[in-house]
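Following: one structure in structure tokens, then a few remarks.
Remember, it's a predicted structure, so these values are computed and weren't measured experimentally. Each residue takes its place number in the sequence, starting with 1.
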Amino acid sequence: MSGPGARLALHLVTDDRLPFDRLREVVDAAAGAGVDVVQLRAKSVTARELLRQALVLSDVVDRRCLLVVNDRVDVAVAARDAGARVDGVHLGQTDLPPETARRLLGAHAVVGWTANSAGHREAASALHPGTLDYLGVGVIRPTSTKPDHPPALGVDGFASFADGSPLPCVAIGGVGIDDIPGLRAAGAAGIAVVSAICGAEDPAAATRALREAADAPALEADASALEAAAALALEAATVTR
């Protein structure tokens, strides 16, 4: 594809069960093979270690895709302060409020929010326009990467959620390549995977296969709102770096 098309259509969420040296290799391969977003998720490490990982992965990504930090707005701010290009955050329901993240990171940052219930969708609807760029909706299927996940939505549950969402919805949680057509038909503006890339013997080949599925025309059409946010984030990062 040409231009910024579907910049947030394919997310790699990192798996902190991998040794970091291996994770760095996976991220490098995925960034080279066409992933749109790398989300650094490492819930079991200290803030200082997460900052170190963000700085390393910023260099690894080297502007080939977006880099966002899971949960920790403070770490994203610290990484930027240290000169890294961190494009935003993905927040959970118990993290800092999205409004705070937006104020701290600026208008051009990418801010995502985890959502899986009608109450979450209503809370997102009540936020000032421009606070959030997308909702991460799931889990789609049971997954070992998040043992405490809520009940799986399945494709039908995702479709019901996305149909009433004020924001583009990115499907996450146990998503495999065979799920993409159904999720696309259900209104997914993007997909996020962990094991499908991190657990692959050849992460680059896995990313290319997912990339091809994620570039299907129906998914591109649903991703138009995300494209603008991602393009602005990249432009702002290039100007301020």
- Query: Nearest 0.5 Å, what's the CG-CD distance between Leu55 and Gln53?
  - Reply: 10.0 Å
- Note on the structure: Taken to the nearest 0.5 Å, the spacing of Leu135 CG from His120 NE2 works out to 10.5 Å
Answer yes or no: is there a donor N or O on one side and an acceptor on the other, between the side chain of [X] and the main chain of [Y], under 3.5 Å?
X      : Y      : answer
Arg102 : Gly130 : yes
Arg208 : Gly34  : no
Ser58  : Arg85  : yes
Asp87  : Leu67  : yes
Asp133 : Val111 : yes
Asp215 : Glu212 : no

Are any of the side-chain nitrogens in [X] or [Y] under 4.0 Å away from the carboxylate oxygens of its partner?
X      : Y      : result
Arg72  : Asp74  : yes
Asp16  : Lys43  : no
Asp36  : Arg211 : yes
Asp163 : Arg121 : no

- Path from Ile172 to Ile191 over hydrophobic side-chain contacts below 4.5 Å: no
- Is there a path from Val13 to Leu23 through hydrophobic residues (I, L, V, M, F, W, Y) whose side chains come within less than 4.5 Å of each other? no
How about [X] and [Y]: do any of their side-chain heavy atoms sit closer than 4.5 Å?
X      : Y      : value
Val194 : Arg41  : yes
Thr14  : Phe20  : no
His11  : Ile197 : no
Val170 : Leu8   : no

- Message: If you apply the rule side-chain contact (heavy atoms from CB on, under 4.5 Å), what do you find for Asp95 with Val73, and how did you get there?
- Response: CA-CA 9 Å; Asp95 297 325; Val73 179; over 6 Å; no
- Provide the full list of ring-ring contact (aromatic ring centres under 6.0 Å, His included) pairs with a residue in residues 170-209, sequence neighbours left out, each pair given once. none
Quick one: closest heavy-atom pair of [X] and [Y], and the distance?
X      : Y      : value
Cys169 : Ala162 : SG-CA, 3.9 Å
Val77  : Leu104 : CG2-CB, 4.3 Å
Pro166 : Ser125 : CG-OG, 3.2 Å
Ala213 : Ile177 : CB-CG1, 4.3 Å
Val38  : Cys65  : CG2-SG, 3.8 Å

- Message: Please enumerate all residues that pass side chain to side chain contact (heavy atoms under 4.5 Å, CB included) together with Ala186, with sequence neighbours excluded.
- Response: Val155, Phe158, Ala159
- Hits for side chain to side chain contact (heavy atoms under 4.5 Å, CB included) against Arg103, two or more places apart or cross-chain, chain-then-number order -> Glu99, Thr100
- Task: Using the side-chain contact (heavy atoms from CB on, under 4.5 Å) rule, take Trp113 and Leu91 through it: C-alpha gap first, then chi angles, then the decisive distance, then the call.
- Result: CA-CA 5 Å; Trp113 204 24; Leu91 302 174; 3.9 Å; yes
- Message: Apply side-chain contact (heavy atoms from CB on, under 4.5 Å) to residues Thr207 and Leu10 and explain how you reach the verdict.
- Response: CA-CA 9 Å; Thr207 300; Leu10 179 58; 4.3 Å; yes
